Every structure is written in C-alpha cells, then in structure tokens.
Amino acid sequence: MFPIDLDGKTAVIMGVANQRSLAWGVAEKLRAAGANIVFTYVGEKFRGNLETLTEDFPCTLIECDVTNDAQVDEAFAQIGKEQGRIDMLVHSIAFANREDLSGAYVDTSREGFRTALEVSAYSLVRVAQAALPLLRENGGSIIAMSYLAAVRAVPKYNVMGTAKAALEQAVRQLALELGEMNIRVNAISAGPVNTLSARGVRGFTDILGLHRERAPLKRNVTLEDVGGTALYLLSDLASGVTGETIYVDGGFNIVGL
Ligand SMILES: NC(=O)c1ccc[n+]([C@@H]2O[C@H](COP(=O)([O-])OP(=O)(O)OC[C@H]3O[C@@H](n4cnc5c(N)ncnc54)[C@H](O)[C@@H]3O)[C@@H](O)[C@H]2O)c1
C-alpha cells in the first residue's frame with residue numbers, strides 16, 4: 001500500500017469535543033500518518049476530554065473560541081511561536097441554538113440566524129485569516145465539514161442548512177483567493193454521524209435510519225470514513241484538488257428515489 005507520510009508536517013485541528021467528534025476521526029488518521037498536531041478547544045470541559053484522548057501522544061492544546069477575535073489571534077500567534085509554520089488546518093466547528101433546530105425555519109430569529117452563520121461559516125474565514133501567515137510560506141491545505149443541507153432542503157436542519165451553504169461558498173471563495181499561495185481549501189460533506197452536535201437536531205435517530213436504508217452503501221458513515229477522506233485532502237495526494245465539496249455519505253446524495 002502507498003503510505004501517506006506526514007512526518008515533519010503540522011496540523012491544527014479545531015473542533016474535537018470528544019471521541020465521537022468528526023475531528024477526532026481526522027486526528028486519528030493524521031496521527032497514524034505521523035503528523036504533529038495542535039488541537040484547539042473551547043472551555044475546560046473539552047480541554048479535559050482532549051487531555052484524556054491524547055494521553056499517549058505528544059500534542060499541543062490551545063483554547064480558541066472562534067467568536068472571540070482576540071482569542072483567535074492569540075491562539076494562532078502562540079501556534080506560530082511554538083510551531084513556526086503549519087501545513088494543515090481542520091475546521092470542524094458548528095453551532096446553532098437548539099430552538100432553531102427544532103421549530104419552523106420561518107420562525108428563525110435574527111439573533112439565531114446571526115449566531116449560526118457566525119460560528120459555523122464566518123469562523124472559517126476568520127481562522128483562515130489568522131492562519132494565513134503560518135501557511136503561506138510553504139502552502140498548505142484547509143478543510144471544513146459540511147452537510148447535504150447546504151444544497152438540499154432537509155427537515156429540521158433549518159438555519160444550519162443556511163450556514164452550510166455559506167460555508168461551502170466560503171470554501172470556494174477562499175480556494176480562489178489562496179490558490180496562488182498553493183493553499184488548497186476543500187469541504188467534506190459528511191453523512192449523519194451520532195455526535196454531540198448532531199444530537200441537537202430533532203429526530204436525528206430517524207435520520208440515521210433513513211440514511212442507512214437509502215444510501216447505496218446501506219450503512220451510516222464512520223469517523224474512519226471521514227478521517228480517510230480528510231487525510232487524502234490534507235496530503236499531497238490531493239495536490240490538484242481545491243474548492244471542492246467531497247461527499248462522504250455512502251452515496252446518499254446521488255439517489256433520486
Ligand atoms: N455529525 C454529523 O452528522 C455531521 C454531518 C455533517 C457535517 N457535520 C459537521 O461536522 C463538524 C463537527 O461536528 P461534529 O458532528 O463532530 O460535532 P461535535 O459536537 O463533536 O463538534 C462540534 C465542535 O464545534 C465546537 N464549537 C462550537 N462552538 C464553537 C466556538 N464558538 N468556537 C470554537 N469551537 C466551537 C465544539 O466545541 C465542538 O468541538 C460541524 O461543522 C458539523 O456541522 C456533522
């Protein structure tokens with residue numbers, strides 16, 4: 001098998017809440033490929049989870065709430081000081097108020113809309129901005145996590161679908177702008193996975209079941225599936241790929257009936 005060797009490369013992974021997080025699936029693959037990893041987290045609870053998860057491998061943990069400009073700048077300044085430069089950036093962050101993921105979309109509040117779009121879409125632009133000085137020297141690869149609701153109307157995803165549409169457009173716009181620095185930007189559109197955030201969507205268990213039934217692969221996707229595609233996009237194997245949204249959903253999105 002052709003090995004992917006990321007020895008000597010550094011990744012910043014944003015969005016591991018626990019061992020079920022999509023970002024943890026990415027971390028496990030990057031670690032197996034030999035990458036040096038910096039994790040960012042929000043709050044002491046998630047720091048504790050990360051400390052337990054990373055007990056047996058050397059890595060750095062840095063606090064970074066993407067709604068706090070000063071904290072984003074400080075986090076990347078610290079990463080720059082400690083690592084010199086980075087090669088990979090993984091954005092695996094989203095948030096919407098619970099009431100905006102259960103009621104009617106037409107009732108979305110101004111504040112709920114702003115929060116979802118700010119945390120789940122603008123944050124990619126903001127962290128790319130902060131990471132740019134660390135990436136531009138050698139080029140690099142950025143990925144973000146999207147979902148089918150960006151391009152299809154999915155019941156109950158409501159404003160999160162709007163945020164994912166903005167995220168996928170931000171991926172294309174960043175790809176266009178950063179390409180000349182050899183920085184690639186792509187999204188993975190993952191099928192439903194039972195994570196902390198996903199449980200905020202009403203009826204999520206039914207969505208998992210429907211997906212298993214209708215997807216060509218007749219199963220739900222795993223962290224292993226998502227991590228594998230992330231590893232490909234973050235490595236030189238994907239050196240000619242940018243601005244794309246790659247579906248890791250067992251083929252669910254291609255099905256008509
Ligand atoms: N689980 C799914 O079914 C699924 C499917 C497709 C896409 N996604 C996307 O994958 C990404 C990761 O979600 P997940 O399902 O692994 O859930 P998760 O709850 O494990 O991860 C979400 C992360 O977002 C972080 N976050 C929230 N607000 C933040 C803030 N202000 N600053 C910094 N970080 C913040 C949380 O700390 C958490 O680590 C999200 O973008 C999500 O929309 C998930």
Side-chain angles (χ1 to χ4, degrees), residues 12-28 39-50 53 61-72 74-76 89-98 100-101 114-124 126-127 130 143-152 154 156-168 170-171 187-201 203-212 215 220-223 225-227 229-230 245-250 252-253:
V12 175
I13 301 187
M14 313 183 77
V16 175
N18 55 37
Q19 78 284 359
R20 289 169 178 265
S21 297
L22 299 192
W24 183 245
V26 179
E28 289 202 298
F39 291 97
T40 70
Y41 64 90
V42 197
E44 284 312 301
K45 179 170 170 260
F46 291 142
R47 184 186 173 93
N49 288 353
L50 266 171
L53 282 171
L61 312 182
I62 295 179
E63 176 143 39
C64 183
D65 179 337
V66 294
T67 62
N68 181 330
D69 278 329
Q71 214 172 82
V72 172
E74 265 168 41
F76 281 90
L89 177 64
V90 177
H91 176 287
S92 191
I93 291 171
F95 178 79
N97 293 324
R98 191 167 271 268
D100 291 319
L101 297 176
R114 191 195 59 73
T115 299
L117 273 280
E118 181 185 350
V119 180
S120 317
Y122 173 68
S123 63
L124 175 68
R126 188 61 182 83
V127 298
I143 62 166
M145 297 295 175
S146 193
Y147 177 62
L148 186 63
V151 292
R152 307 261 193 281
V154 177
K156 302 304 172 206
Y157 272 82
N158 297 1
V159 72
M160 191 49 81
T162 316
K164 292 305 187 192
L167 182 75
E168 289 185 12
V171 162
I188 288 176
S189 183
V193 178
N194 195 358
T195 62
L196 195 62
S197 298
R199 267 174 260 148
V201 177
F204 188 74
T205 314
D206 297 339
I207 293 173
L208 280 172
L210 200 84
H211 193 278
R212 271 198 303 278
N220 288 122
V221 294
T222 62
L223 293 192
D225 293 324
V226 175
T229 297
T245 296
I246 297 190
Y247 287 85
V248 181
D249 66 348
F252 185 88
N253 77 95

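All values derive from a computational prediction rather than experimental measurement. Both counts, for ligands and for their atoms, begin at 1 and track the order of listing.
- Enclosure of atom CZ in R114 by more than 12 non-hydrogen atoms of other residues, nucleotides or ligands within 6.0 angstrom is indicated.
- In terms of protein heavy atoms, atom 27 (C) of ligand 1 is closest to A94 O, 3.7 Å.
- Minimum heavy-atom separation, P192 to V221: O-CG2, 4.3 Å.
- Close contacts of ligand 1 with A198, meaning ligand atoms under 4.0 Å from a residue heavy atom, involve 1 (N).
- Between the side chain of E63 and the main chain of G43, a donor-acceptor pair closer than 3.5 Å is present.
- A side chain to side chain contact (heavy atoms under 4.5 Å, CB included) with M145 holds for exactly one of V193, V226, V248; it is V226.
- For K164, a nitrogen or oxygen atom sits less than 3.5 Å from a nitrogen or oxygen atom of ligand 1, counting backbone and side chain alike.
- Looking at V42 against ligand 1, only its side chain comes within 4.0 Å, counting heavy atoms.
- Any N or O atom pair closer than 3.5 Å counts here, and V193 shares at least one such pair with ligand 1.
- Heavy atoms of S123 found under 4.0 angstrom from ligand 1: none, in either backbone or side chain.
- With a heavy-atom cut-off of 4.0 Å, Y41 does not touch ligand 1 at all.
- Without hydrogens or angle criteria, D65 side chain to V42 main chain gives no donor-acceptor distance under 3.5 Å.
- Residues Y157 and I207 form a side-chain contact, since some pair of their non-hydrogen atoms from C-beta on lies under 4.5 Å apart.
- In C64, the part holding a heavy atom less than 4.0 Å from any atom of ligand 1 is the backbone.
- Protein heavy atom at the shortest distance from atom 11 (C) of ligand 1 is S92 OG, 3.4 Å.
- Residues L148 and Y247 are in side-chain contact: their nearest non-hydrogen atoms beyond the backbone lie under 4.5 Å apart.
- Here the closest non-hydrogen pair linking V159 and A96 is CG1-CB, 4.1 Å.
- The heavy atom nearest to atom 26 (N) of ligand 1, out of those in N49, N220, V90, I93, is found in I93.
- Here the closest non-hydrogen pair linking L117 and A166 is CD1-CB, 3.7 Å.
- Looking at Y157 against ligand 1, nothing comes within 4.0 Å, counting heavy atoms.
- Heavy atoms of V66 found under 4.0 angstrom from ligand 1 belong to the backbone as well as the side chain.
- Listed by atom number, the atoms of ligand 1 under 4.0 Å from P192 heavy atoms are 3 (O).
- For atom 5 (C) of ligand 1, the nearest protein heavy atom lies under 4.0 Å away.
- Close contacts between ligand 1 and V16 involve ligand atoms 39 (O) [criterion: under 4.0 Å to a heavy atom].
- Under 4.0 angstrom from ligand 1, there are no non-hydrogen atoms of T40.
- Some N or O of L22 is nearer than 3.5 Å to an N or O of ligand 1, by distance alone.
- Near V119, meaning under 4.0 Å from one of its heavy atoms, ligand 1 places the atoms 28 (N), 29 (C), 31 (N).
- In terms of protein heavy-atom proximity, atom 15 (O) of ligand 1 is closest to T195 OG1, 2.5 Å.
- Here OH of Y41 is found 12.0 Å from CG of N49. Values are rounded to the nearest 0.5 Å.
- If you check which protein heavy atom lies closest to atom 21 (O) of ligand 1, you get G15 O, 3.5 Å.
- The protein heavy-atom contact nearest to atom 7 (C) of ligand 1 is S146 O, 2.9 Å.
- Of the N or O atoms in M160, none lie within a sub-3.5 Å distance of an N or O in ligand 1.
- Contact detail for N18 and W24: the closest heavy-atom pair is O-CB, 3.8 Å.
- Looking at atom 9 (C) of ligand 1, its nearest protein heavy atom turns out to be M145 CB, 3.6 Å.
- The two atoms that bring A17 and L196 nearest to each other are CB-CD2, 4.1 Å, heavy atoms only.
- Counting atoms of ligand 1 from 1 in the listed order, those under 4.0 Å from a heavy atom of F46 are 37 (O).
- Contact between G191 and ligand 1 is present, with at least one heavy atom of the residue lying under 4.0 Å from the ligand.
- Between S197 and ligand 1, a contact under 3.5 Å exists for at least one N or O pair.
- Under 4.0 angstrom from ligand 1, the non-hydrogen atoms of S21 come from both its backbone and its side chain.
- Here is the list of ligand 1 atoms found below 4.0 Å of a heavy atom in D65: 30 (C), 31 (N), 32 (N).
- Put simply, the side chain of N194 reaches to within 4.5 Å of the side chain of R199, judged on heavy atoms.
- When all heavy atoms are compared, the tightest approach of C64 to T40 is CB-CB, 3.8 Å.
- Every atom of ligand 1 is numbered from 1 in the order shown, and the set under 4.0 Å from a heavy atom of A17 is 20 (O), 38 (C), 39 (O).
- A heavy-atom distance below 4.5 Å is found between the side chains of L223 and L22.
- Between D100 and N158, the closest side-chain pair of non-hydrogen atoms is not below 4.5 Å.
- Side-chain contact between F95 and T67: absent, with no pair of heavy atoms (C-beta onward) separated by less than 4.5 Å.
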